[in-house]
Amino acid sequence: MTQSPEPPEQRAGVFDRMRAGEPYRAEDPEIERRQRAARRLAARWATACAEDPDTARSLLAELLGSLGEGTELRPPLFVDYGTHLHIGPRTFVNYGLTALDVADITIGADCQLGPHVQLLTPTHPLEPEPRREKWESASPITIGDNVWLGGGALVLAGVTIGDNSVVGAGSVVTKNIPPNVVAVGNPARVTRPL
């Protein structure tokens, strides 16, 4: 009997470590398989958007972890897995969302995301040697209800944006944003209450 080079429990272990936010290396057959499947499904969805909206909605629901009623996304959509991206009802996502959903990304109800928003859960070590060895980890992103992210806004790993807040176009959100405020800049800073 031939033994596989990597026992199944180790393969599962890499994906489980990734999902737990622990350091891992992405060069894993299970991770690569899941990412390829997500890219294929996202491409099928984008094609269907122009031809058959009902099929497109079904494909999007299959791709994402959860998709709220009345939510609209415009292609293209770039995800690592899709299954870790959760979007609440009545949310509108404009063209070109990049949602690197290594950790969970949760977008609330009634949100507005401008074109080319980036939601990036992965992080890499600051130290050169572990970074050279391709170690990484991830932390979840949570966007509350009725949040508006302006075009080109970038939200980094571990950030929570509170309900009703507005993040200005092109802002880079590196820390949590409380509810009911406007935040702009790089790094994004609260400029006023709402």
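Owing to the predicted nature of the structure, the values given are computational and were not obtained by experimental measurement.
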Trainee: Would you find more than 12 non-hydrogen atoms of other residues, nucleotides or ligands less than 6.0 Å from Glu133 atom CD?
Mentor: yes
Trainee: Between Ser171 and Asn186, does a side-chain contact (heavy atoms from CB on, under 4.5 Å) hold up when you go through it step by step?
Mentor: CA-CA 5 Å; Ser171 295; Asn186 181 5; over 6 Å; no
Trainee: When you compare the side chain of Leu154 with that of Leu120, does any pair of heavy atoms fall below 4.5 Å?
Mentor: yes
Trainee: Hey, is CH2 on Trp148 packed in by over 12 heavy atoms from elsewhere, all under 6.0 Å?
Mentor: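 It does not: Trp148 CH2 has 12 such atoms or fewer within range.
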Trainee: Quick one: do Arg74 and Glu72 make a salt bridge, cutoff under 4.0 Å?
Mentor: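 Salt bridge: yes.
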Trainee: For Glu69, I'd like to know if atom CD has over 12 heavy atoms of other residues, nucleotides or ligands within 6.0 Å.
Mentor: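 Not more than 12 within 6.0 Å, no.
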Trainee: Side-chain contact test, heavy atoms from C-beta onward, threshold under 4.5 Å: evaluate it for Phe15 versus Arg34 and give yes or no.
Mentor: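 Counting from C-beta outward, Phe15 and Arg34 do come under 4.5 Å.
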Trainee: Does the side chain of Arg25 reach to within under 4.5 Å of the side chain of Glu136, using non-hydrogen atoms?
Mentor: no
Trainee: What pairs of donor and acceptor atoms, side-chain ones from residues 158-166 against any protein atom, are under 3.5 angstrom apart with sequence neighbours left out?
Mentor:
| from | atom 1 | to | atom 2 | distance (Å) |
| --- | --- | --- | --- | --- |
| Asp163 | OD1 | Asp145 | N | 2.8 |
| Asn164 | OD1 | Asn146 | ND2 | 3.0 |
| Asn164 | ND2 | Asn180 | OD1 | 3.0 |
| Ser165 | OG | Pro178 | O | 2.6 |
| Ser165 | OG | Asn180 | N | 3.1 |
| Ser165 | OG | Val181 | N | 3.1 |
| Ser165 | OG | Val181 | O | 3.4 |

Trainee: With distance as the sole test, does Ser139 use its side chain to make a donor-acceptor pair with the main-chain N or O of Ala157 at under 3.5 Å?
Mentor: no
Trainee: Is there a side-chain contact between Leu73 and Ile87 (heavy atoms, below 4.5 Å)?
Mentor: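 When only atoms from C-beta onward are counted, Ile87 and Leu73 do touch, with a gap below 4.5 Å.
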Trainee: So which atom in Thr71 and which in Arg57 form the shortest heavy-atom distance, rounded to 0.1 Å?
Mentor: O-NH1, 2.7 Å
Trainee: Which pairs would a plain distance check flag for residues 100-108, meaning a side-chain donor or acceptor within less than 3.5 Å of a matching protein atom at least two apart in sequence or in another chain?
Mentor:
| from | atom 1 | to | atom 2 | distance (Å) |
| --- | --- | --- | --- | --- |
| Asp101 | OD1 | Asp80 | N | 3.0 |
| Asp101 | OD1 | Tyr81 | N | 2.8 |
| Asp101 | OD1 | Gly82 | N | 3.3 |
| Asp101 | OD2 | Gly82 | N | 2.6 |
| Asp101 | OD2 | His84 | N | 3.2 |
| Asp104 | OD1 | Arg19 | NH1 | 3.4 |
| Asp104 | OD1 | Arg19 | NH2 | 2.8 |

Trainee: Treat each ILVMFWY residue as a node, draw an edge where side-chain heavy atoms are under 4.5 Å apart, and state whether Leu60 and Leu41 are in one component.
Mentor: yes
Trainee: For residues Tyr24 and Ile31, determine if any side-chain heavy atom of one lies less than 4.5 Å from a side-chain heavy atom of the other.
Mentor: yes
Trainee: In this structure, are over 12 heavy atoms from other groups packed under 6.0 Å from Phe92 atom CZ?
Mentor: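 For Phe92, atom CZ is crowded (more than 12 foreign heavy atoms under 6.0 Å).
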Trainee: Please lay out, stage by stage, how Val172 and Val155 fare under the test side-chain contact (heavy atoms from CB on, under 4.5 Å).
Mentor: CA-CA 6 Å; Val172 179; Val155 181; over 6 Å; no
Trainee: Quick check against the 3.5 Å criterion: does Arg131 have a side-chain atom that pairs as donor or acceptor with the backbone of Leu126?
Mentor: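 Confirmed, Arg131 side chain pairs with Leu126 backbone.
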Trainee: Is the backbone N or O of Ala43 less than 3.5 Å from a side-chain atom of Thr47, with the two atoms forming a donor-acceptor pair by type?
Mentor: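 Confirmed, Thr47 side chain pairs with Ala43 backbone.
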